[in-house]
2 protein chains.
Amino acid sequence: MAISERKKKILAAVVEEYIRTAEPVGSKAIAQTAGLGCSSATIRNELAELVNMGYLEQPHTSAGRVPTPMGYRMYVNELMQMQKLSLEETEEINQRLNTKLQELDDTISQVSRLASQLTDYPALALTAQSAVTIKRFDIIYVDANTFIIVAMMSNNTVKNKLVRLPVSVNEGLMKKLSALFNANFTGISEDQITPLLINSTERAADDTMGITSVIASFAIEILSEADKPMAFVTGENRLLNQPEYRDPDKAHKLMSYLSTGGHILPPADNMAGSEEVRVLIGPENVAEELKDSSVVIASYDAGDNTRGLIGVVGPTRMDYSAVAAKLSFLAAGLSRRLGGGEAPVEGMHNKLIIKGDDPIEHR
Amino acid sequence: MAISERKKKILAAVVEEYIRTAEPVGSKAIAQTAGLGCSSATIRNELAELVNMGYLEQPHTSAGRVPTPMGYRMYVNELMQMQKLSLEETEEINQRLNTKLQELDDTISQVSRLASQLTDYPALALTAQSAVTIKRFDIIYVDANTFIIVAMMSNNTVKNKLVRLPVSVNEGLMKKLSALFNANFTGISEDQITPLLINSTERAADDTMGITSVIASFAIEILSEADKPMAFVTGENRLLNQPEYRDPDKAHKLMSYLSTGGHILPPADNMAGSEEVRVLIGPENVAEELKDSSVVIASYDAGDNTRGLIGVVGPTRMDYSAVAAKLSFLAAGLSRRLGGGEAPVEGMHNKLIIKGDDPIEHR
DNA sequence: GTTGGCACTCTTTCATTTCGAGTGCTAATA
DNA sequence: TATTAGCACTCGAAATGAAAGAGTGCCAAC
């Protein structure tokens with residue numbers, strides 16, 4: 001059954017009013033605000049039909065109408081127009097994005113924080129999951145008991161580790177090991193680092209002190225760490241601003257679910273290539289804990305052909321339009337910085353300001 | 001005015017019962033549980049005096065008694081006996097402390113998480129604030145546009161940065177700069193890195209491309225970063241478990257105050273040397289937002305003669321005894337790992353397990 | 001100094017009433 | 001046929017009031 005133009009307008013009006021006030025919306029209010037030239041009685045008839053069709057529901061007989069998930073879905077898909085951000089907003093976001101992008105992790109966690117601030121909902125950010133390998137090893141001899149392992153990854157981050165041992169090492173061994181690791185351990189994945197490989201390297205290096213295996217462990221560690229995506233959840237407490245979470249138990253349940261991390265968001269591959277913002281409304285969420293909340297997700301290009309996610313969680317009565325606009329803009333800004341396009345380089349004109357791990361290989 | 005032995009017992013009983021139930025405690029309940037051989041009428045007389053003395057108060061005329069901050073203070077100072085942890089608890093904590101102490105920051109944030117889990121209150125952890133310097137520079141030439149700066153700090157952590165430039169560099173320059181920075185920039189504080197020093201280094205290195213200043217910026221950045229302590233707040237949502245924070249507004253206020261970080265805890269130097277657990281009850285807190293909450297703080301030895309903090313925030317009706325015991329144990333465990341004593345070294349018997357940045361110089 | 005007893009106070013709880021927003025329906029109208 | 005005015009009706013929210021109960025303070029007796 002098709003939905004008439006007027007019904008659409010009314011539905012939109014209900015959704016928007018309800019989003020604004022969190023109170024069931026009555027026929028009178030619509031007649032006044034929505035500006036279609038008809039009386040509240042007409043609206044009532046239409047509303048009744050919209051209830052029949054499943055787009056709206058009544059909390060009780062003598063109350064106004066509230067959108068159902070299906071109603072929100074219709075609104076998001078067809079009726080809503082993505083809010084435009086004001087100049088001030090875009091500027092503020094850009095500015096916030098520009099300031100101190102230190103470590104990649106820090107950047108992402110900052111972005112999560114920013115998303116939460118902008119939307120006033122809890123936000124989460126997931127780093128991209130990608131098959132990282134080590135591109136280059138350097139082993140720095142410090143003193144007889146100490147050396148530093150430096151590993152440059154394929155995504156151009158650098159990991160290091162200071163190792164202190166009860167045995168004596170010397171610069172020659174370090175050099176030898178550097179060369180061997182660069183030859184044998186670069187460009188491979190975690191599970192390609194086998195005991196066999198370690199043993200043969202150990203023999204080749206004349207290493208009788210187990211140093212090879214220490215370095216290999218480090219390689220395994222950072223590879224496995226780089227593999228799994230990280231989740232940053234921020235602003236959980238903002239949930240308490242929402243009337244639907246004034247019940248502490250409800251709030252607590254969702255908050256503790258959130259704080260366990262990023263199971264919440266669908267795998268990033270699902271979003272690959274999509275520049276769109278995705279909306280999951282109430283029961284559309286898989287997780288039981290989210291069945292009466294909504295999630296809005298944008299994906300960003302994290303470079304290296306991978307995508308990460310920024311998401312926001314709130315009641316189904318969420319301001320989809322504003323949130324979508326903000327997340328989309330945020331994701332785009334982040335993509336610009338992390339992803340393809342011109343690889344940012346150290347800005348030497350900024351006298352003493354350094355931008356952290358920004359530099360990412362162009363691909 | 002001295003406080004009689006019996007009054008002490010009664011006060012302790014009130015505090016403990018109130019901590020347990022969060023309900024005002026009546027004379028009858030005390031007569032039954034506290035096991036002093038006297039009737040509820042006697043207790044009533046004593047209670048009335050305790051109210052006069054300021055240790056207890058009545059929410060209203062016909063209610064039981066509730067401890068005042070002064071009452072809690074008396075309890076904490078004189079009446080409470082620190083709870084002993086059960087064997088299982090100590091074992092669990094130790095185990096959790098042992099698993100993957102990666103980066104120092106991660107360790108501290110994990111400990112914060114652990115503290116929150118153990119106590120079921122929000123927890124925060126502060127890293128130590130210390131005058132860190134750089135001990136050693138290594139500048140690694142990668143390719144004509146790329147190099148890596150590696151800086152080993154006086155607290156034996158290692159920082160690195162990948163720099164990508166639009167100009168060409170060569171290995172010779174890198175070597176020269178390495179030597180110069182090791183000579184001129186080690187062992188000094190952030191504000192000793194003056195434009196003068198940078199300029200003279202630049203000239204000495206024949207650096208016409210501003211690379212010296214890039215490296216100097218990095219030095220400044222990591223020094224200033226290492227200077228300021230970092231705060232990790234976890235488990236804010238656990239506040240909602242507490243009846244005194246069932247009011248969402250109250251909870252929200254405190255939670256958002258907490259999430260702004262570590263202004264909450266007094267500076268760590270105050271705690272220097274003290275192995276004690278410190279308790280701040282209600283109005284004893286300086287921050288307005290904490291005036292009716294309590295904070296329990298333990299300090300840990302972070303090595304290098306510095307101390308960090310672990311704290312827990314909750315209602316004044318906090319289980320001080322249990323919390324103090326847990327925090328104290330946790331701090332001790334952390335101190336053992338980070339602080340003085342035998343410097344931990346890479347355990348090579350653990351075949352493939354590496355403990356991260358653990359190794360700390362003995363001093 | 002301690003105790004039993006008892007009147008008193010104040011909150012909590014529950015039922016009842018009132019109020020009002022909003023509906024659904026009917027009949028009149030364009 | 002679609003729209004509208006009017007009106008009775010429903011149901012929740014807020015207000016009111018009565019009853020219950022916990023706990024006290026105090027007094028007189030021990």
Side-chain angles (χ1 to χ4, degrees), chain A residues 1-11 13-15 17-18 20-68 71 243-244 246-247, chain B residues 1-11 13-15 17-18 20-68 71 243-244 246-247:
Chain A
M1 172 183 181
I3 182 171
S4 75
E5 216 40 52
R6 190 169 67 184
K7 280 200 181 60
K8 284 188 184 176
K9 274 195 184 149
I10 294 177
L11 178 53
V14 173
V15 172
E17 185 69 4
Y18 185 62
R20 211 172 55 78
T21 63
E23 300 283 333
V25 188
S27 53
K28 212 168 180 178
I30 298 178
Q32 282 166 4
T33 63
L36 4 158
C38 61
S39 78
S40 68
T42 312
I43 308 273
R44 271 204 291 285
N45 291 331
E46 296 281 55
L47 285 177
E49 289 184 50
L50 282 167
V51 169
N52 275 338
M53 297 162 80
Y55 293 114
L56 297 176
E57 63 187 354
Q58 283 181 291
H60 54 266
T61 328
S62 72
R65 304 308 208 284
V66 165
T68 60
E244 23 278 279
R246 292 199 71 77
D247 172 14
Chain B
M1 172 184 184
I3 182 171
S4 76
E5 217 39 54
R6 190 169 67 184
K7 279 202 182 58
K8 283 188 184 175
K9 272 194 184 149
I10 293 177
L11 178 53
V14 173
V15 172
E17 185 68 4
Y18 185 63
R20 212 172 54 79
T21 63
E23 300 284 332
V25 188
S27 52
K28 212 168 181 179
I30 298 178
Q32 281 166 6
T33 63
L36 8 157
C38 62
S39 78
S40 67
T42 313
I43 308 273
R44 270 204 291 285
N45 290 331
E46 296 281 56
L47 286 177
E49 289 184 50
L50 282 167
V51 169
N52 274 339
M53 297 162 82
Y55 293 115
L56 296 177
E57 64 188 353
Q58 283 180 292
H60 53 266
T61 327
S62 74
R65 304 309 208 285
V66 165
T68 60
E244 25 276 279
R246 292 199 70 77
D247 172 13

Asks: Which pair of non-hydrogen atoms, one from A/C38 and one from A/I43, has the smallest distance, and what is that distance?
Replies: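 Heavy atoms only, the tightest pair is SG-CD1, 3.8 Å.
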Asks: Could you state the atom-to-atom distance from CG of A/L36 to C1' of D/dT3 in whole Å?
Replies: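 Rounded to the whole Å, the gap is 13 Å.
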Asks: Quiz question: going by heavy-atom distance under 3.5 Å, is there a donor-acceptor pair between the base of D/dT10 and the side chain of A/S62?
Replies: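 When only heavy-atom distances are counted, A/S62 does reach the base of D/dT10 through a donor-acceptor pair under 3.5 Å.
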Asks: Could you check how far CD of A/Q58 sits from C1' of D/dG12, rounded to whole Å?
Replies: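 One finds 13 Å between C1' of D/dG12 and CD of A/Q58, rounded.
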Asks: Can you check the B/L47 CG to D/dA22 C1' distance for me, whole Å?
Replies: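 For the pair B/L47 CG and D/dA22 C1', the rounded distance is 15 Å.
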Asks: Please give, in whole Å, the distance from D/dG25 C1' to B/K28 NZ?
Replies: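 Distance, rounded to whole Å: 16 Å.
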Asks: In whole angstrom, give the distance that lies between atom CD1 of B/I43 and atom C1' of D/dG25.
Replies: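 Atom-to-atom, B/I43 to D/dG25, this comes out as 16 Å.
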Asks: Starting at atom CD of A/E49, determine the distance to atom P of D/dT3, rounded to an integer number of angstrom.
Replies: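 After rounding, the gap between these two atoms is 10 Å.
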Asks: Of all heavy-atom pairs between A/G64 and A/P59, which one has the smallest distance, and what is that distance?
Replies: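 Residues A/G64 and A/P59, closest heavy atoms: O-CD, 3.4 Å.
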Asks: Using a heavy-atom cut-off of under 4.0 Å over every strand shown, decide if A/A63 touches base, sugar-phosphate, or nothing.
Replies: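 If one applies the 4.0 Å heavy-atom cut-off, A/A63 turns out to touch the sugar-phosphate alone, with no base involved.
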Asks: Could you state the interatomic distance from CG (B/L11) to NZ (B/K7), rounded to the nearest 0.5 Å?
Replies: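 It comes to 11.0 Å.
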Asks: Taking all atoms of both residues into account, what is the closest heavy-atom pair of B/P67 and B/Y18, and its distance?
Replies: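 Heavy atoms of B/P67 and B/Y18 come nearest at CD-CD2, 3.6 Å.
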Asks: Under 4.0 Å: is that the gap between some side-chain N or O of A/R6 and OP1 or OP2 of D/dT3?
Replies: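 The answer is yes; a side-chain N or O of A/R6 sits under 4.0 Å from OP1 or OP2.
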Asks: First and last nucleotide of DNA chain C touching chain B, 5' to 3', heavy-atom cut-off 4.0 Å?
Replies: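 The protein-touched segment is C/dT2 to C/dT11.
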Asks: Both B/T61 and A/S27 contact DNA chain C. Which one's nearest nucleotide lies toward the 5' end?
Replies: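 Upstream on the strand: B/T61.
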Asks: Output the distance between atom CZ (B/R246) and atom CD (B/E244), rounded to the nearest 0.5 Å.
Replies: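 One gets 11.0 Å once the value is rounded to the nearest 0.5 Å.
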Asks: Measure from CD on A/E46 to C1' on D/dA2 and round the result to the nearest Å.
Replies: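 In whole Å, D/dA2 C1' lies 10 Å from A/E46 CD.
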Asks: Enter the distance from B/E46:CD to B/I3:CD1 here, rounded to the nearest 0.5 Å.
Replies: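 The CD atom of B/E46 sits 9.0 Å away from the CD1 atom of B/I3.
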Asks: Between D/dC7, D/dC11, D/dT4, which nucleotide has the shortest distance from any of its atoms to the side chain of A/R44?
Replies: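 For A/R44, the side-chain atoms sit closest to D/dC7.
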Asks: What pair of heavy atoms forms the shortest contact from A/K9 to A/L36, and how long is it?
Replies: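 That closest heavy-atom pairing would be CD-CD2, 3.8 Å.
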Asks: Starting at atom NE2 of B/H60, determine the distance to atom C1' of D/dG21, rounded to an integer number of angstrom.
Replies: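 Going from B/H60 (NE2) to D/dG21 (C1'), I get 11 Å.
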